[in-house]
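The chains referred to below are lettered A, B, ... by the order of the sequence lines, with proteins before strands, and numbering in each begins at 1. Basis for what follows: all heavy atoms, side chains included, without hydrogens, waters or symmetry-related copies. Note that the structure is a prediction, hence the values are computed from the model and not measured.
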Protein chains: 2
Amino acid sequence: MEDIDRYFCNGISVDNVIFGFDEDRLNVLLIKRGIDPFKGKWALPGALVKPEEHIDTAVARVLKQLTGLEDVYLNQVGTFGAPDRHPDGRVITIAYYSLINIRNYSVTPTSFANQSQWHPIEKVQELAFDHNMILDVCLNNLRKELRNKPIGFNLLPQKFTLTQLQSLYEGILNRKLDKRNFRKKVINMKLLVDLDQYQEGVAHRPAKLYSFDEARYHQLVEEGISFELKESKNSKPIRQASTFSQLSSI
Amino acid sequence: MEDIDRYFCNGISVDNVIFGFDEDRLNVLLIKRGIDPFKGKWALPGALVKPEEHIDTAVARVLKQLTGLEDVYLNQVGTFGAPDRHPDGRVITIAYYSLINIRNYSVTPTSFANQSQWHPIEKVQELAFDHNMILDVCLNNLRKELRNKPIGFNLLPQKFTLTQLQSLYEGILNRKLDKRNFRKKVINMKLLVDLDQYQEGVAHRPAKLYSFDEARYHQLVEEGISFELKESKNSKPIRQASTFSQLSSI
DNA sequence: CCAAAAGTGTTGTTAGTACACCCATGG
DNA sequence: CCATGGGTGTACTAACAACACTTTTGG
């Protein structure tokens, strides 16, 4: 193995796929790049890992820099290492995703970004680098996780209605679910706390408000759940994916 | 971001966790390192990614160099990036696991290794670098995958008995399963082909031989399966894990 | 009184679990 | 004839799927 130094000239970056939920659609946070390469293009928020920095530390740092958020659920999804994926040199990137509540957050563009913005997932167009591929992989991953862990609750306000919870699941999974079966299922999980409060000021029968039980939540994250409800009749996608978000995965 | 070059001095390696199955135990392939650092220690077979090499190509290359195998099921599990994990400099490593049939394979140590050997999983001792952690994460991953995909068939000979298949599952999951329920389940998967052949020369009733249906296999890999058989009574581990293989995961 | 969303129960089906005895062969 | 592992069926339970009408509120 001659010329060992040639093996030590790689950059390492982390990219964050930050999902947020708003009304009934799943969004992803993108930045508009303020510098080359891909200046002016939308991209996932990410940055190079510093020398001597642990990659898990780096991703938390980047997330904090871009969103101000700490202590969020962060999940390493995969590493992307095509030799030409970055035009300025060899940079492999480690992708993470996280879920945040879109309302607890305010955008803080960095020097690399001149704009940060939520984008509905099905409207995402061509992104910088290989970020469309990364996004697709993370989205697949999110959907898989949603079936095995009670995540998704991260995306709701403190107090929520069962209908909001259901449309969150429908939004992420992109399919309709049966109302009665959905309710039966989530109530049986014993994860919800009935607050004995109701919506106010709505032009229909007001819905009961729930929050969820932190302790039980963490227990279920550990144990895993199985969330496999189907609505066979309407199992077609609610919305079509855009040209660039085609869930190709790998 | 002053001194950009300091960001481009990282090494990237791939490490392979190669599982093999033999009789009724799960094994992992380790090499004894022939060079420093950790000379003489057992380690996962891995190597640096070449400049201009795709990481997925690199892992296949390393696997081929070490085992002669091609076209095996290779699964990226995660990336490990503690800054001090390699004593000679910053090297992050991308871990993959694969499953092979222990009999189709012959060991070919490289210049870095003076010995390659199968180790029963529960006897693995302290390994070089952070390889114990990587092994634990891969083992967890294998067990998770085993419940969701019909992998594990990779580990059996072409023709096998249902008892062999069951002890494979028991060996990987490290728990006893109920014979009748196990058979009911796998036969319902319609994955097995009854060869109408029988074992010969055994000192007991000869078992029927099966192979499995390639097309159906690939279909099930796509669709995913749910393999959740329990034997509640005997749900204690068959074997205790060794000191260093403690499934800490992360 | 109308529009809009909330809320609620039953029945059939499928998948999982527990469990114990007889069978075919080689030595 | 005995030791060894191969092979089989049934009853109970839990989870899921299908499906339609009544309730409460604001305007």
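Considering only side-chain atoms of Arg180(A), the nucleotide from dA17(D), dT8(C), dT8(D) that sits closest is dT8(C).
Considering only side-chain N and O atoms, Arg183(B) lies under 4.0 angstrom from the phosphate OP1 or OP2 of dG7(D). Here Thr163(B) does not reach the OP1 or OP2 of dG5(D): none of its side-chain N or O atoms lies under 4.0 Å away.
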(request) For the pair Leu173(A) and Arg147(A), evaluate side chain to side chain contact (heavy atoms under 4.5 Å, CB included) and give the outcome as yes or no after the intermediate values. (result) CA-CA 9 Å; Leu173(A) 298 176; Arg147(A) 293 189 174 86; 4.0 Å; yes
(request) Might you work through the side chain to side chain contact (heavy atoms under 4.5 Å, CB included) test for Asn16(A) and Leu29(A), ending with a clear yes or no? (result) CA-CA 9 Å; Asn16(A) 237 307; Leu29(A) 185 64; over 6 Å; no
(message) One pair to check against side chain to side chain contact (heavy atoms under 4.5 Å, CB included): Ile134(B) and His131(B). What are the steps and the verdict?
(response) CA-CA 5 Å; Ile134(B) 294 174; His131(B) 287 185; 3.9 Å; yes
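Between Lys159(B) and Gln164(B), the shortest heavy-atom distance links the atoms O-OE1, 4.3 Å. Here the closest non-hydrogen pair linking Lys149(B) and Val221(B) is CE-O, 4.0 Å.
Applying a 4.0 Å cut-off to non-hydrogen atoms, the residues of residues 195-210 of chain A that approach DNA chain D are Val202(A), Ala203(A), His204(A), Arg205(A), Pro206(A), listed by residue number.
For Lys184(B) and dG16(C), the NZ to P distance is 10 Å, given to the nearest whole Å. In this structure, Asp178(A) places its CG atom 12 Å from C1' of dT8(C), rounding to the nearest Å.
Here Lys185(B) lies in heavy-atom contact (under 4.0 Å) with sugar-phosphate atoms only. Residue Thr161(B) is out of contact with every strand shown, counting any heavy-atom pair closer than 4.0 Å.
Applying the 3.5 Å distance criterion, the base of dA15(C) shares no donor-acceptor pair with the side chain of Asn188(B).
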